[in-house]
Amino acid sequence: MTSVDADEVVALAQRLVRARGQNPPGEEAATVAVLAEECRRRGFEVALDEVAPGRANLIARVGVGPEPGLLIVSHSDVVPPGDGWSADPFSGDLRDGRLHGRGSADTKGGLATAAHTYESLFRRVSHPIQA
């Protein structure tokens with residue numbers, strides 16, 4: 001049975017936070033590269049649509065076919081951290097069971113969860129468990 005591995009989701013979320021991706025000034029390329037690499041590793045069909053130099057939209061598909069699908073729309077950038085941080089805002093550190101850093105909750109954690117969960121779901125639907 002395929003299941004969601006929380007440690008893998010957290011590790012990907014940490015990599016996404018550490019990729020920074022501030023906008024302004026439009027530094028999403030590193031974050032998009034991490035997510036694209038992960039999606040390819042998981043067997044997704046990946047395309048990048050560069051809307052401006054160094055600023056690409058990522059389109060990742062899994063299980064492409066005539067059946068109805070599910071569309072996830074999100075962003076990968078974060079606003080600059082500003083002043084007042086007591087630790088590196090791009091550390092991606094785990095403390096007290098929580099992921100710390102810019103974008104952890106909006107939306108890099110969600111992107112990591114989606115990439116992992118949809119691959120797991122696709123594998124389960126494509127290869128149902130026989131009782």
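Residues forming a side chain to side chain donor-acceptor pair (under 3.5 Å) with D106 (at least two apart in sequence, or on another chain): H75. Among residues two or more places apart in sequence or in another chain, the side chain to side chain contact (heavy atoms under 4.5 Å, CB included) test is passed with R95 by A87, D93, H100. Residues satisfying the salt bridge (charged side-chain N to carboxylate O under 4.0 Å, His left out) test with R55, not counting sequence neighbours, are E28. In this structure, the side chain to side chain contact (heavy atoms under 4.5 Å, CB included) partners of A19, at least two apart in sequence or on a different chain, are A30, T31, V34. Partners of A112 under the side chain to side chain contact (heavy atoms under 4.5 Å, CB included) rule, at least two apart in sequence or in another chain, are V9, L12, A13, L16. Under the side chain to side chain contact (heavy atoms under 4.5 Å, CB included) criterion, V78 pairs with Q22, F90, R102, K108, not counting sequence neighbours. E37 is linked by a salt bridge (charged side-chain N to carboxylate O under 4.0 Å, His left out) to R15, counting only residues two or more places apart in sequence or in another chain. Residues passing the side chain to side chain donor-acceptor pair (under 3.5 Å) test with R41 are E38, sequence neighbours excluded. Residues passing the side chain to side chain donor-acceptor pair (under 3.5 Å) test with S76, sequence neighbours excluded: none. Residues passing the side chain to side chain donor-acceptor pair (under 3.5 Å) test with T117, sequence neighbours excluded: none.
For the atom pair CD1 of I59 and CZ of F44, the computed distance is 14.0 Å after rounding to the nearest 0.5 Å. One distance of note links CZ of R98 with OG of S104; it measures 11.0 Å at 0.5 Å rounding.
A donor-acceptor contact shorter than 3.5 Å links the side chain of R18 to the backbone of S91. Remark: the backbone N or O of E8 is not paired with any side-chain donor or acceptor of H116 at under 3.5 angstrom.
Pairing each heavy atom of P80 with each of P24, the nearest pair is CG-O, 3.3 Å. Shortest non-hydrogen contact noted between S74 and T107 is OG-OG1, 2.9 Å.
With a 4.5 Å cut-off between side-chain heavy atoms of Ile, Leu, Val, Met, Phe, Trp and Tyr, the cluster of L71 takes in V73. Grouped by direct or indirect side-chain proximity (heavy atoms under 4.5 Å, Ile/Leu/Val/Met/Phe/Trp/Tyr only), L94 sits with V10, V17, L99.
For the pair V51/N57, a side-chain contact is recorded, criterion being any heavy-atom separation below 4.5 Å from C-beta on.
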